[in-house]
**Student:** 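Below you will find the structure I want to go over with you.
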Amino acid sequence: MTLPAPTYDLVLLLDPQVEEPARAKIVADSLGSIESSGELLRHDEWGERALTYPIDKHASAEYHLLQFHSGGPELLDGLDRTLRITDGVLRHRIIKLKPGVPDAPEMSAAPPLPKVEAGESATQAEAPAALTEEPAPAAEASVAADPVEAPAAETPPAEAPVAETPPAEPAAAEAPAAEDAAPEAPGSDQA
């Protein structure tokens, strides 16, 4: 019985400040490498998204997901080497998927990132409106006015039983023997 070819995910994070033809060439070269030595299963363009933390002073990146079967390690090594030295690639990651992993979610419905205006900082432009607006006072009043629900949040979760360890033997039992064995210092008075 032969095992099916392993499935791999290649996630590309491309620099959005690089011209569109250069980014398209990076993706096309990756697709060409995969199709020449393996089998392409899917290519998802997730678009430009905010990064969790800045990479090379970039706050966003253009995301691409490529899923493929690889016939051997030559394809993986070639992709890794090429993407590591290619200008315009902020990050890339090749991951071998375990059998039974669910399909990647559809990410094409993400809202576009706001454009940064002149004089506006990048963090102000990236903050979603829900985070910048103040919470509604009615919601706060209803939580504070309902004392019945407050104790439920304060009850601790059930704890797992902890095995008790026996107390350590006291060291005092050995202490008199150590004092008896110690020679007396000359000239010391014992009371």
**Student:** Do Glu62 and Glu20 come close enough that some side-chain heavy atom pair is under 4.5 Å?
**Tutor:**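 Contact flag for Glu62/Glu20 side chains = yes.
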**Student:** What is the minimum heavy-atom distance between Ala5 and Ser70, and which atoms define it?
**Tutor:**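 Taking Ala5 first and Ser70 second, the nearest heavy atoms are CB-O, 4.1 Å.
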**Student:** How many angstroms lie between atom OG of Ser60 and atom CD of Gln17, to the nearest 0.5 angstrom?
**Tutor:**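 The OG atom of Ser60 sits 7.5 Å away from the CD atom of Gln17.
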**Student:** Give the other cluster members for Ile85, using side-chain heavy-atom distances under 4.5 Å between Ile, Leu, Val, Met, Phe, Trp and Tyr residues; answer none if it is isolated.
**Tutor:**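 Under the 4.5 Å side-chain rule, Ile85 groups with nothing.
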**Student:** Name all pairs fulfilling the salt bridge (Lys or Arg N to Asp or Glu O under 4.0 Å) condition that reach into residues 85-102, sequence neighbours left out, sorted by first residue then second.
**Tutor:**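 Output for this query is empty, none listed.
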**Student:** For His43 and Val27, run side-chain contact (heavy atoms from CB on, under 4.5 Å): C-alpha distance rounded to whole Å, both residues' side-chain angles, the deciding distance at 0.1 Å, then the answer.
**Tutor:** CA-CA 10 Å; His43 172 215; Val27 174; 3.6 Å; yes
**Student:** Flag the pair Pro6 / Leu97 as yes when at least one side-chain heavy-atom distance between them is below 4.5 Å, and no otherwise.
**Tutor:**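 When only atoms from C-beta onward are counted, Leu97 and Pro6 do not touch, as no gap falls below 4.5 Å.
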**Student:** For the side chain of Ser36 and the backbone of Ser33, is there at least one donor-acceptor N/O pair under 3.5 Å apart?
**Tutor:**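 Confirmed, Ser36 side chain pairs with Ser33 backbone.
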**Student:** Looking at Val18, is its backbone amide N or carbonyl O close enough to the side chain of Arg23 to form a donor-acceptor pair, meaning the two atoms are under 3.5 Å apart?
**Tutor:**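 Here the side-chain-to-backbone pair exists.
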**Student:** Show every salt bridge (Lys or Arg N to Asp or Glu O under 4.0 Å) that has at least one partner inside residues 71-80, sequence neighbours left out.
**Tutor:**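 The answer is Asp80-Arg84.
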**Student:** To the closest 0.5 Å, what do you measure between CD (Glu35) and CG (Leu75)?
**Tutor:**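 Rounded to the nearest 0.5 Å, the CD-CG separation comes to 11.0 Å.
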**Student:** Could you walk me through whether Leu66 and Leu12 pass the side-chain contact (heavy atoms from CB on, under 4.5 Å) check?
**Tutor:** CA-CA 8 Å; Leu66 290 81; Leu12 291 172; 4.1 Å; yes
**Student:** My understanding is that a hydrophobic cluster links ILVMFWY residues whose side chain heavy atoms are under 4.5 Å apart, including indirect links. Using that, what else belongs to the cluster containing Leu41?
**Tutor:**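 Grouped by the 4.5 Å side-chain rule, Leu41 forms a cluster of one, so the answer is none.
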**Student:** Look at the side-chain heavy atoms of Ile, Leu, Val, Met, Phe, Trp and Tyr, link any pair under 4.5 Å apart, and say whether Leu76 and Ile95 land in one connected group.
**Tutor:**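 Different clusters.
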**Student:** Could you walk me through whether His64 and Val11 satisfy the side-chain contact (heavy atoms from CB on, under 4.5 Å) test, starting with their C-alpha distance in whole Å, then the side-chain angles of each, then the deciding distance to 0.1 Å, before giving a yes or no?
**Tutor:** CA-CA 6 Å; His64 291 268; Val11 179; over 6 Å; no
**Student:** Can you list every ring-ring contact (aromatic ring centres under 6.0 Å, His included) pair that touches residues 68-100, not counting sequence neighbours?
**Tutor:**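 Counting only pairs at least two positions apart or across chains, the ring-ring contact (aromatic ring centres under 6.0 Å, His included) contacts touching residues 68-100 are Tyr8-Phe68.
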**Student:** Rounded at 0.5 Å granularity, tell me how far CG in Leu13 sits from CG in Asp56.
**Tutor:**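 Between Leu13 CG and Asp56 CG, I get 11.5 Å after rounding to 0.5 Å.
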**Student:** Any chance you could measure Thr82, atom OG1, to Ile26, atom CD1, to the nearest 0.5 Å?
**Tutor:**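 One finds 11.0 Å between OG1 of Thr82 and CD1 of Ile26.
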**Student:** Indicate if Tyr53 and Tyr63 have the same hydrophobic cluster label, given that clusters are the connected sets of ILVMFWY residues with side-chain heavy-atom separations under 4.5 angstrom.
**Tutor:**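 As far as the 4.5 Å side-chain criterion goes, Tyr63 and Tyr53 are connected within one cluster.
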**Student:** Asp44: what forms a side chain to side chain contact (heavy atoms under 4.5 Å, CB included) with it, not counting sequence neighbours?
**Tutor:**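 In terms of side chain to side chain contact (heavy atoms under 4.5 Å, CB included), with neighbours along the sequence ignored, Asp44 is linked to Arg42, Trp46, Leu65.
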**Student:** May I have the step-by-step check of side-chain contact (heavy atoms from CB on, under 4.5 Å) for Ile94 and Asp9, ending in yes or no?
**Tutor:** CA-CA 6 Å; Ile94 301 173; Asp9 273 358; over 6 Å; no
**Student:** Cluster question for you: counting only ILVMFWY and a side-chain heavy-atom cut-off of under 4.5 Å, with indirect links fine, are Leu40 and Leu10 together?
**Tutor:**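 Yes, because Leu40 and Leu10 connect within a single hydrophobic cluster, where side-chain heavy atoms sit under 4.5 Å apart.
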